[in-house]
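In what follows, residues are counted from 1 in the order of the sequence shown.
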Amino acid sequence: GFDRYRTEGGISFRPSASGSKLTVNIVGDNRLGCVHYSNNDKDNGNELIFKGAGSLTVANTDFWKKTENGITGYYRNRSCSVIGSADYLPNSSKDDHAYNITIESGIIYAGATKAEFCTAIGGGGNGNSTITIKGGTVIAVASGTGTAIGGGSGMSQAGGEGTVTIEGGNVYAYNHANVINIPSSAIGGAGSKNDIGS
């Protein structure tokens, strides 16, 4: 069947070796559907870094389209974060985490709608994250049990943990009402419908 791990539509960085770093140097005005980043070990030295003087808008759409074996299907984002990890690792039942995201500079907007029910910057469904904001302007908008910046959304499992360090810059984080009326944080750990929040 169709995989549900939204990793296309922008940048995908899933390093296989420790110490791998991807620096996104933001120049001009840029728009993407997602920035998929998977790092399941916060101590392996892998890092996703944003810097530059430009702007980056990353906004999921309510549904995505995929054709496989001649059949086209339309699917919701299914809890994959806008900037960060997917709902689960493909071909496994493990949560996908987004450890070591660093924003040094630039203007970054990450947003999702109620239909997507996901985290804007951080962990995918139930995923954990560590995020450091050193400068720039960060605007993150979510509408779910996930956070605007931090842990991944929870439904039947616990919400993801989010460790967010803000050292500078201007940060605007909003988590609006969601379809199941479960509150969650704008920055930090995520909530869950049927389990504990973080």
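- Counting only heavy atoms from C-beta outward, the side chains of Asn194 and Met155 never approach each other to under 4.5 Å.
- The NE2 atom of His97 sits 10.0 Å away from atom CG of Asn39, with the distance rounded to the nearest 0.5 Å.
- Closest of all the heavy-atom pairs between Ile187 and Val171 is CD1-CG1, 4.3 Å.
- With values rounded to the nearest 0.5 angstrom, Asn46 atom CG is found 5.5 Å from Ser18 atom OG.
- No continuous path of ILVMFWY side-chain contacts below 4.5 Å connects Val141 to Ile83, so the two sit in separate hydrophobic clusters.
- Two residues are said to be in side-chain contact when any heavy atoms from C-beta on lie closer than 4.5 Å; Ile101 and Thr132 fail this criterion.
- Ile131 is listed as a side-chain neighbour of Ile149, based on a closest heavy-atom distance under 4.5 Å.
- Checked against Tyr99 for a side-chain hydrogen bond (donor to acceptor under 3.5 Å, both in side chains), the options Asn128, Asn44, Asn40 give a single hit: Asn128.
- The structure places OG of Ser79 at 7.5 Å from CG of Asn126, a figure rounded to the nearest 0.5 Å.
- Between Thr119 and Ala148, the shortest heavy-atom distance links the atoms CG2-O, 4.4 Å.
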>> I'd like to know whether Ser38 forms a side chain to side chain donor-acceptor pair (under 3.5 Å) with Asp96, so could you lay out the CA-CA distance, the side-chain angles of the two residues, the decisive distance to 0.1 Å, and finally the verdict.
In response: CA-CA 6 Å; Ser38 176; Asp96 197 12; 2.5 Å; yes
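- In plain terms, the two heavy atoms of Lys21 and Gly45 that are nearest each other are NZ-O, 3.5 Å.
- Counting heavy atoms from C-beta on, the side chains of Leu56 and Phe50 come closer than 4.5 Å.
- Counting only heavy atoms from C-beta outward, the side chains of Cys118 and Val82 approach each other to under 4.5 Å.
- In this structure, Glu47 places its CD atom where more than 12 heavy-atom neighbours from other residues, nucleotides or ligands lie under 6.0 Å away.
- One distance of note links CD1 of Ile139 with CD1 of Ile107; it measures 7.5 Å at 0.5 Å rounding.
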> Yes or no on side chain to side chain contact (heavy atoms under 4.5 Å, CB included) for Leu48 and Val35, after CA distance, side-chain angles and deciding distance?
Replying inline: CA-CA 10 Å; Leu48 173 62; Val35 176; 4.0 Å; yes
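- The shortest heavy-atom contact between Thr145 and Ser153 is OG1-CB, 3.3 Å.
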> Are Lys134 and Thr102 close enough, and set up right, to give a side chain to side chain contact (heavy atoms under 4.5 Å, CB included), and what steps lead you there?
Replying inline: CA-CA 8 Å; Lys134 297 181 177 181; Thr102 301; 4.0 Å; yes
>> Assess the residue pair Ile108 and Ile26 against the criterion (side chain to side chain contact (heavy atoms under 4.5 Å, CB included)); give the C-alpha distance rounded to whole Å, side-chain angles, the decisive distance to 0.1 Å, and a yes or no.
In response: CA-CA 9 Å; Ile108 296 176; Ile26 306 167; 4.1 Å; yes
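- Looking at heavy atoms from C-beta onward, Ile11 lies out of side-chain contact with His36 at the 4.5 angstrom threshold.
- Among all heavy-atom pairs drawn from Ser129 and Gly150, the shortest one is OG-O, 2.9 Å.
- A distance of 7.0 Å separates CG of Asn175 from OG of Ser185, quoted to the nearest 0.5 Å.
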> Checking side chain to side chain donor-acceptor pair (under 3.5 Å) for the pair Tyr172/Asn170: CA distance, chi angles, key distance, verdict?
Replying inline: CA-CA 7 Å; Tyr172 306 89; Asn170 299 300; 4.7 Å; no
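- Across Ser184 and Thr147, no two heavy atoms sit closer than the pair OG-CG2, 4.3 Å.
- When atom types are taken as modelled, the side chain of Ser105 and the backbone of Gly52 share a donor-acceptor pair closer than 3.5 angstrom.
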> For Val138 and Ile121, what are the C-alpha separation, side-chain angles and deciding distance, and is it a side chain to side chain contact (heavy atoms under 4.5 Å, CB included)?
Replying inline: CA-CA 10 Å; Val138 179; Ile121 303 174; 3.8 Å; yes
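- Proximity of Ser20 to Phe13: side-chain heavy atoms (C-beta onward) are separated by under 4.5 Å at one or more points.
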